[in-house]
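It should be emphasised that the depicted structure is a prediction, and the values quoted were computed from it without experimental measurement.
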Amino acid sequence: MDEQRNETPYRYGATLANELEERWQRAWDDAGAYRTLNPGEPGFQADRPKFYCLDMFPYPSGAGLHVGHPLGYIATDIVCRARRMQGFNVLHPMGWDAFGLPAEQYAVQTGVHPAVTTRKAIETYRRQLKRFGFCYDWSREFATIDPEYYRWTQWIWLQCYGAWYDADAQRARPIAELEAELEAGRRQPEGPSWASLDAVGRQAYLDRHRLAYLGEQTVNWCPKLGTVLANEEVIDGKSERGGYPVLRMPLRQWMFRITAYAERLLSDLDLVDWPDSTRTMQAEWIGRSEGAEIDFDVPGFGMLRVFTTRPDTLFGATYMVVAPEHPLVDAAIKAGGEHASTVREYAALSANRSDVDRQADSKQKSGVDTGLRAVNPATGEAIPVWTADYVLMGYGTGAIMAVPAHDERDFAFARAFGLPVRQVVQIDGVVFDGNAATSGHGAACNSSGPNCSIDGLDTTKAKAAVIEWLMKTGRGARRVNFKLRDWLFSRQRYWGEPFPIVYDETGRHHPVSERALPVLLPELADYKPIESDVPMPPLGKATDWVNTTAGEAGVDSSVLAPSTPVRRETNTMPGWAGSCWYYLRYCDPANKSRMLSNESERYWLQSQRSNGTMHAGGVDLYIGGAEHAVLHLLYARFWHKVLFDLGHVGTPEPFGRLFHQGMLTAYAYQRQDGSLVAVDQVEERGGTHHERGGGPVTQVIAKMSKSLRNVINPDDVIAEYGADTFRLYEMSMGPLEASKPWNTRDIAGVHRFLQRVWRLALDERTGGLLVARQADPAVERLLHRTVHKVTGDIDRLAFNTAIASMIEFVNAATRPQDMKDPADGGLTHAQLERFVRVLAPFAPHAAEELWSKLGGSGLVVHAPWPIADPAMLVDDEVEIAVQLMGKVRARIMVPTKADATQIESIALGHPDVLVHLAGKSPRKVIVVPGRMVNLVL
RNA sequence: GCCGGUGUGGCGGAACUGGCAGACGCGACGGAUUCAAAAUCCGUUUCCCCUUAAAGGAGUGCAGGUUCGAUUCCUGUCACCGGCACCA
């Protein structure tokens, strides 16, 4: 065996691959091969088109990279390499999302400071990523925990703090402009007049209108994590991370007015080239619904305002329901009466019930009568007002008019409590029998009253008629509602960006001046979250840091005198903050005076379409997991739009084209009873799988997990096959977007492909070039086809078929084993040079080695991309199928240019066709030139 | 429950606008090479029937439909995956 190996020291195997890969990685580093220049830098080529291609940056965990991470990174690497060879200026950066809960949890568990564990995890990730040979411009690398980065995260937050949303102009504007307009009387405040407000009242008014504002809200408090969580971080009443119970409690927290952007976040989804599924998910998350607000008179208690999407069913509203947190509930309790105590009990019970409990019995409705009566404006009837937790305080007005005949939830409630049901819509072909609600479009019925009549009108017209009547009588108006809630942005955790804000002794907040940024996260030995029923941020333990003066904290002296004692904000920003704008910083990562320069923003983010119109978003290709379809991608869009409104960026959207790579799964094995068996306990015998010392098991697909021992470490795979093989394997598994199972056995296939490429070009014994004397015409044609196919497949991100076509080519070009003189077969020098260049994006190290052996100029990385000759893509003759009644009965060779009649006559003359026709003549002949012929009898 | 996606050989998958189903890879089988093996190369490999071969039949989750022709379009249905889930 050793003897044999010595005979072929230049065979492409693990040792050779690892040696040459590491050698070329050093060479690329030394040459600065992937350094991207910015406009204005010496050597920048302004005439080239730009391509900004971004990976969702990883959150470095202690466990290191797993094989799922590189999937998307390999894909972007291939596209970037191809674009670079095609003459683009390519921006392809990488960095680290490093603040946030998991790092802190890990630190708490291990007792090592998160700054230490995070830096270490980053080192590991960087080392692992570099071993893949990715073409990142590492000079642009940063982590969200770098003070020079989070300085600008804080700066953006201050921009939001200093802005308000002008609903008339439909954009954010500096809050100073709102103040000036109120001051000048050009704008009237909601509520009391500006003149009647004192300084505190005016400040409070402005504070209420900021995009980043302090809001008292019912929040999701997770005692175990010691922090509040955003709604979307709570799943089934448990924390998304860790699965700990979450309580609801009122708390004053920093919020983002993302709801102001609901309409734009929804409609601008039309501008981006994103997967439909993701756009749909965002649209559903935003949850726009059109309807009306209607005021019901509750005698003695004022007006009760409800939101409904079905104002046409007003005549069918037989009772009202308000959320247990609704102010009317308090009013009813205060008013006393026979219902007061049961109402108080119910409200208290609901307040303590977690979302889990509420959802667990969502079919079993609960609620109590408040004893109040409301007047249905259409019928004039007095109807009862109930409170029930199936009505949510956070949506609409926290109150509904219940129409049990046409709403399943209302029907279930009415059923449970014996409330009346009245049909007011007749749906075509559906009989209303009083045993179930009928929802949908129909014609109004039983809907005539002294004030308003809509009987017979279809739902659309009936809605319009009711709204018109409501507006005329001042009882309501058209209204659009969104499910989207404002974004809770405070966390009671240590490992996050501090807010650049302080409180004076009266509790009023004041911003830290931009010049004083960043507000550094203080070193803290004890950063553990405080597990308690009341939120207590760990930063509160840094008493010297917290209690300071306005001057020390960096508050502008025009805002507060420098000696004023202040208390710093002890909450920190959530993990999402850093990832909301990192794609901007990559354009100009070293900028000391700006978040990024105007020139770099304009060059990298503003793209023109070929027709001259502006592209919606800056990043030309953004690849990452579908698990970020809503949160990260919605938050980043929101920040981007604020920055757009305030003139800091020039595109309405951050990510023009988005793509999700699929998930890598693994095989697992299942016993008869359905339980899973670890992979190393299973052996294959005669094509079936058996548990060691047990019965037969079936192969199933599962997530990779430690317990199943089917987790693959990419380092091991690279050690065994090299990075190029790893890259080819992950790209050949199937479509990038599909989730697919890892199968170590299959890696050999692409490894063998690289070995064949190697043997095609080099003598395995000497390492010398093997070059054909002359080009085989068929191989030359196939090479053009391969170049064409690979070029198109890279544009489509269809790397699996690109690789398949390269394999086909190499198989066709491979010399027969019995060929004595290698110059009789294989590829010519010029053919090898072209093939190596199309291979280069996929297997860059092997391609670079071959390129240098071929004596190509410079690095293959910078070589121009080969172009297929269109004339070589068509053959003189094509084989087409002849079908009789849809079944293939013969194959004929016809000239490519042959027209339908020529093909028909060739087909009808074919002996096999004549046999099947058996003397009959076809009734009809369909000819698709270049494809097939179908004869119909 | 609602929304979206996916179902193709033993396995991963291919098939661009309705036009030769199964490219390419794995595995399996056979052969060459070898003292032997590994590696490599060549060949076969959807299933069924018959088999020396030829020829035939069925076939893209299932049941229908449109069409000269359907993996592709339409209707219904089942399974799996993902998301949402009292949003009035």
Colleague: For RNA chain B, what are the stems built from at least three Watson-Crick or G-U pairs in a row, each pair having both distances below 3.5 Å?
Modeller: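 So far as stems of 3 or more pairs are concerned, RNA chain B shows B:1-7 with B:78-84, B:10-12 with B:24-26, B:27-32 with B:40-45, B:46-48 with B:56-58, B:61-65 with B:73-77.
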
Colleague: For A:S732, which contact category applies under a 4.0 Å heavy-atom criterion: base, sugar-phosphate, or nothing?
Modeller: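 The answer is nothing, as A:S732 stays clear of every strand by at least 4.0 Å.
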
Colleague: Considering every strand and a 4.0 Å limit on heavy-atom distances, what is the contact class for A:R756: base, sugar-phosphate, or nothing?
Modeller: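 If one applies the 4.0 Å heavy-atom cut-off, A:R756 turns out to touch the sugar-phosphate alone, with no base involved.
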
Colleague: Classify the nucleic acid contact of A:R288 as base, sugar-phosphate or nothing, counting any heavy atom under 4.0 Å across all strands shown.
Modeller: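 Answer is nothing: A:R288 stays at 4.0 Å or more from every strand.
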
Colleague: What's A:P735 touching, base or sugar-phosphate or nothing? Going by heavy atoms closer than 4.0 Å.
Modeller: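 Sugar-phosphate only.
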
Colleague: For A:Y669, what residues pass the ring pair (Phe, Tyr, Trp, His ring centres under 6.0 Å) criterion, not counting sequence neighbours?
Modeller: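 Testing A:Y669 for ring pair (Phe, Tyr, Trp, His ring centres under 6.0 Å), a comparison that skips the adjacent residues, returns A:H689.
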
Colleague: Just checking A:N934: base, sugar-phosphate only, or nothing, at a heavy-atom cut-off of under 4.0 Å?
Modeller: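 Base, at least one base atom sits under 4.0 Å.
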
Colleague: Could you identify which residues of residues 799-810 of chain A place a heavy atom less than 4.0 Å from some atom of RNA chain B, listed by residue number, or say none?
Modeller: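 A:N800, A:T801, A:A804, A:I807, A:E808 - these, ordered by number, are the residues of the stretch whose heavy atoms sit under 4.0 Å from the strand.
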
Colleague: Would you tell me if any nitrogen or oxygen in the side chain of A:R752 comes within less than 4.0 Å of OP1 or OP2 on B:C26?
Modeller: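 Yes, because at least one side-chain N or O of A:R752 sits under 4.0 Å from OP1 or OP2 of B:C26.
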
Colleague: Restricting to pairs with a member in residues 798-810 of chain A, which pass side-chain hydrogen bond (donor to acceptor under 3.5 Å, both in side chains), not counting sequence neighbours?
Modeller: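 Qualifying pairs: A:D793-A:T801.
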
Colleague: Could you tell me which residues satisfy ring pair (Phe, Tyr, Trp, His ring centres under 6.0 Å) with A:Y667, sequence neighbours excluded, listed by chain and number?
Modeller: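 With sequence neighbours excluded, A:Y667 shows a ring pair (Phe, Tyr, Trp, His ring centres under 6.0 Å) to no residue whatsoever.
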
Colleague: What contact category does A:M932 fall into here, base, sugar-phosphate, or nothing, at under 4.0 angstrom with non-hydrogen atoms?
Modeller: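 Base: the residue A:M932, judged by heavy atoms under 4.0 Å, touches a nucleobase.
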
Colleague: At 4.0 Å (heavy atoms only), tell me whether A:R11 reaches a base, stays on the sugar-phosphate, or touches nothing.
Modeller: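 It contacts sugar-phosphate atoms only.
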
Colleague: So does A:N811 get a side-chain nitrogen or oxygen closer than 4.0 Å to the phosphate oxygens (OP1/OP2) of B:G25?
Modeller: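 Yes, A:N811 has a side-chain N/O under 4.0 Å of OP1/OP2 on B:G25.
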
Colleague: Can you list everything that forms a side-chain contact (heavy atoms from CB on, under 4.5 Å) with A:T814? Sequence neighbours excluded, please.
Modeller: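 Partners of A:T814 by the side-chain contact (heavy atoms from CB on, under 4.5 Å) criterion, ordered by chain and then number, come out as A:R756, A:V810.
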
Colleague: Side-chain N or O of A:Q755 versus OP1/OP2 of B:U40: is the shortest distance under 4.0 Å?
Modeller: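 So the side-chain polar atoms of A:Q755 do come within 4.0 Å of the phosphate oxygens OP1 or OP2 of B:U40, strictly under.
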
Colleague: With no hydrogens and no angle check, just 3.5 Å: does a side-chain donor-acceptor pair link A:H406 and A:T438?
Modeller: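 Per modelled atom types, A:H406 and A:T438 side chains form a pair under 3.5 Å.
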
